[in-house]
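For the numbers below, each heavy atom of this structure counts, side chains included, while hydrogens, waters and symmetry mates do not. Remember, predicted model here, so these are calculated numbers, not experimental data.
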Amino acid sequence: MTPSIKRRQVLIGTGLFAAAAALPAMAKDKPKLRFSAVFSDQDIRAQMMKKFADGVKDDFVFEGYYGGTLFKQGTELVALQRGNLEMSNVAPQDMSKQLPAWSIVTAGYLFRDAAHVNKFFRSPEAAELKKMSEEKLNVKVLGPTYYGVRQLGLKPDKKIMTPADLKGIKLRMPAGDAWQFLGKALGADPTPMAYAEVYTGLQTGAIDAQDNPLPNVENMKFYEVMSQIVLSSHLVAFDLLTVSMKVWNGMSPDVQAKVQAAADSAIDFSTQRHLAREKELADSFASKGLKLYTPDLDAFRTHVQKAYLASDLSKEWIPGMIDKINAL
């Protein structure tokens with residue numbers, strides 16, 4: 001073998017080694033986006049985040065943590081603010097704990113459907129709320145992650161037609177004033193309980209009922225320990241896909257545009273999947289032996305809206321906001 005050939009082989013080998021060594025270094029140079037959520041990895045929203053991750057893979061290393069394994073339900077917002085987390089799916093009820101103006105979007109019977117929610121979040125009124133969250137909470141809201149319309153699921157075989165029928169019913173609601181207020185406004189006795197404990201709570205009788213969209217009832221198998229689903233449709237359910245402002249401000253405008261586009265696409269995918277799944281599940285649960293029926297929605301709507309308008313929560317709402325939302 002001639003000296004020139006040996007030299008060429010050494011150079012090629014050295015180049016390949018250098019390139020291989022550079023690969024992990026290049027990966028390390030990408031910022032990490034850790035995402036925490038209470039929903040399970042079987043949830044449609046977990047698929048949503050996989051789509052989001054694919055959309056930002058050129059700029060970030062995405063790590064998804066589901067089922068509350070990284071941060072417990074209700075603690076994600078503080079983790080974002082403290083710099084312990086980059087992204088999360090935050091309930092607007094948790095936002096309202098620190099920024100009461102956000103409580104308006106937690107009100108029962110406010111939004112008509114998923115399209116109404118999306119229209120609101122593209123409006124100047126929503127822009128005002130989002131700006132407040134950036135300036136006062138240090139959190140960027142990328143969009144609303146619709147996950148269905150919340151319905152009442154009961155273990156006892158008691159027909160529920162009006163709010164009066166819920167008197168004495170121990171209704172599991174997430175912890176937090178906004179959630180507990182909604183439970184009371186519905187006419188029930190709200191009981192705070194973690195999402196992961198609901199199945200056992202129904203099974204043991206610690207609670208009589210829970211409220212969740214049908215896809216959640218399926219994912220967590222709540223139907224196994226319920227006798228009926230009351231189609232109260234009291235809340236168009238959505239959380240907020242958020243990123244810490246520290247992370248957001250560290251992105252170039254081009255990367256910010258990519259992240260927002262990836263979020264928009266993933267959210268739309270998830271919304272459409274949830275809408276389709278809700279229609280399928282009503283028939284599916286009926287075939288499993290659960291009773292499904294619609295109560296007196298006018299009675300529920302009137303009772304709930306009256307409770308909100310008479311509460312201290314409404315005093316925190318931006319003046320005229322509810323009328324603007326209704327007009328959308």
Side-chain angles (χ1 to χ4, degrees), residues 91-93 96 103-113 116 148-195 197-214 216-217 220 222-238 278 281-282 285-286 288-317 322 325-326:
Q93 288 80 359
S96 72
S103 67
I104 190 168
V105 301
T106 72
Y109 295 104
L110 175 66
F111 293 109
R112 297 183 293 273
D113 49 31
H116 191 197
V149 178
R150 294 182 86 96
Q151 316 289 5
L152 296 170
L154 280 76
K155 182 179 181 179
D157 187 12
K158 176 185 179 181
K159 193 165 187 178
I160 306 296
M161 292 303 295
T162 69
D165 297 326
L166 283 173
K167 185 176 181 180
I169 294 293
K170 293 177 291 184
L171 172 64
R172 175 269 173 181
M173 300 294 285
D177 292 344
W179 283 115
Q180 297 299 299
F181 185 86
L182 175 58
K184 290 178 182 177
L186 287 166
D189 292 343
T191 301
M193 181 178 286
Y195 186 54
E197 297 171 8
V198 174
Y199 186 101
T200 303
L202 286 167
Q203 191 176 42
T204 61
I207 54 173
D208 301 312
Q210 59 80 34
D211 89 310
N212 267 292
L214 300 186
N216 291 30
V217 173
M220 303 301 285
F222 295 153
Y223 60 84
E224 294 180 348
V225 284
M226 290 172 9
S227 70
Q228 60 173 312
I229 295 175
V230 184
L231 300 172
S232 53
S233 302
H234 52 274
L235 191 70
V236 178
F238 64 90
E278 283 181 291
L281 285 173
F285 289 141
K288 289 180 169 68
L290 269 73
K291 296 178 183 176
L292 277 82
Y293 59 92
T294 302
D296 185 342
L297 293 179
D298 287 338
F300 268 101
R301 187 178 297 108
T302 300
H303 190 270
V304 169
Q305 290 183 345
K306 184 178 179 180
Y308 274 96
L309 291 174
S311 72
D312 289 337
L313 286 175
S314 65
K315 297 175 184 177
E316 304 288 350
W317 298 347
I322 194 166
I325 293 174
N326 288 333

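- The aromatic rings of F111 and F238 stand perpendicular to each other, their planes meeting at an angle above 60°, with 30° marking the opposite boundary.
- Considering CG of L313 and CZ of F181, their distance stands at 5.5 Å, rounded to 0.5 Å.
- Counting all heavy atoms, side chain and backbone alike, I169 lies closest to A209 at CG2-CB, 3.9 Å.
- In this structure, the separation between OG on S103 and NZ on K315 is 12.5 Å, given to the nearest 0.5 Å.
- In this structure the side chain of Q210 never reaches within 4.5 angstrom of the side chain of M193, judged on heavy atoms.
- Of all the heavy atoms in V230 and L154, the pair that sits closest is CG2-CD1, 4.0 Å.
- Considering every non-hydrogen atom in both G148 and E278, the closest pair reads CA-OE2, 3.3 Å.
- Side chains of L214 and Y223 form no contact here, defined as non-hydrogen atoms less than 4.5 Å apart.
- Taking 4.5 Å as the limit, some side-chain heavy atom of D157 sits within range of a side-chain heavy atom of K291.
- A distance-only check finds a donor-acceptor pair linking the side chain of S314 to the backbone of S311 [under 3.5 Å].
- Remark: side-chain polar atoms of K155 are paired, donor with acceptor, to backbone N or O of Q203 under 3.5 angstrom.
- Under the 4.5 Å side-chain criterion, counting only non-hydrogen atoms from C-beta, L182 is not in contact with Q93.
- Put simply, CG on D165 and CG on L186 are 12.5 Å apart, with the number rounded to the nearest 0.5 Å.
- Looking only at side-chain heavy atoms (C-beta outward), M220 and V198 stay at 4.5 Å or farther from each other.
- R301 CZ to Y109 OH: the interatomic distance, rounded to the nearest 0.5 Å, is 6.5 Å.
- Closest heavy-atom contact between H116 and L110: CE1-O, 3.8 Å.
- Residue pairs meeting the side-chain hydrogen bond (donor to acceptor under 3.5 Å, both in side chains) criterion with at least one member in residues 168-195, sequence neighbours excluded, are Y195-N216.
- Of all non-hydrogen atoms in A178 and S96, the two that sit nearest each other are CB-OG, 3.9 Å.
- For the pair L152/L231, no side-chain contact is recorded, criterion being any heavy-atom separation below 4.5 Å from C-beta on.
- Between the side chain of R150 and the main chain of D211, a donor-acceptor pair closer than 3.5 Å is present.
- With a 4.5 Å cut-off on side-chain heavy atoms, M173 and P192 do not count as touching.
- Atom CD of E197 is separated from atom CG of L202 by 12.0 Å, given to the nearest 0.5 angstrom.
- Residues I160 and Y293 approach most closely at N-OH, 2.7 Å, considering heavy atoms.
- With hydrogens and angles ignored, the 3.5 Å screen pairs no side-chain donor or acceptor of Q151 with any backbone N or O of P213.
- Atom NZ of K288 has more than 12 heavy atoms from other residues, nucleotides or ligands within 6.0 Å.
- Between atom CD1 of residue I229 and atom CG of residue L292 there is a gap of 4.5 Å, rounded to the nearest 0.5 Å.
- Qualifying ring-ring contact (aromatic ring centres under 6.0 Å, His included) partners for F300, counting only residues two or more places apart in sequence or in other chains: none.
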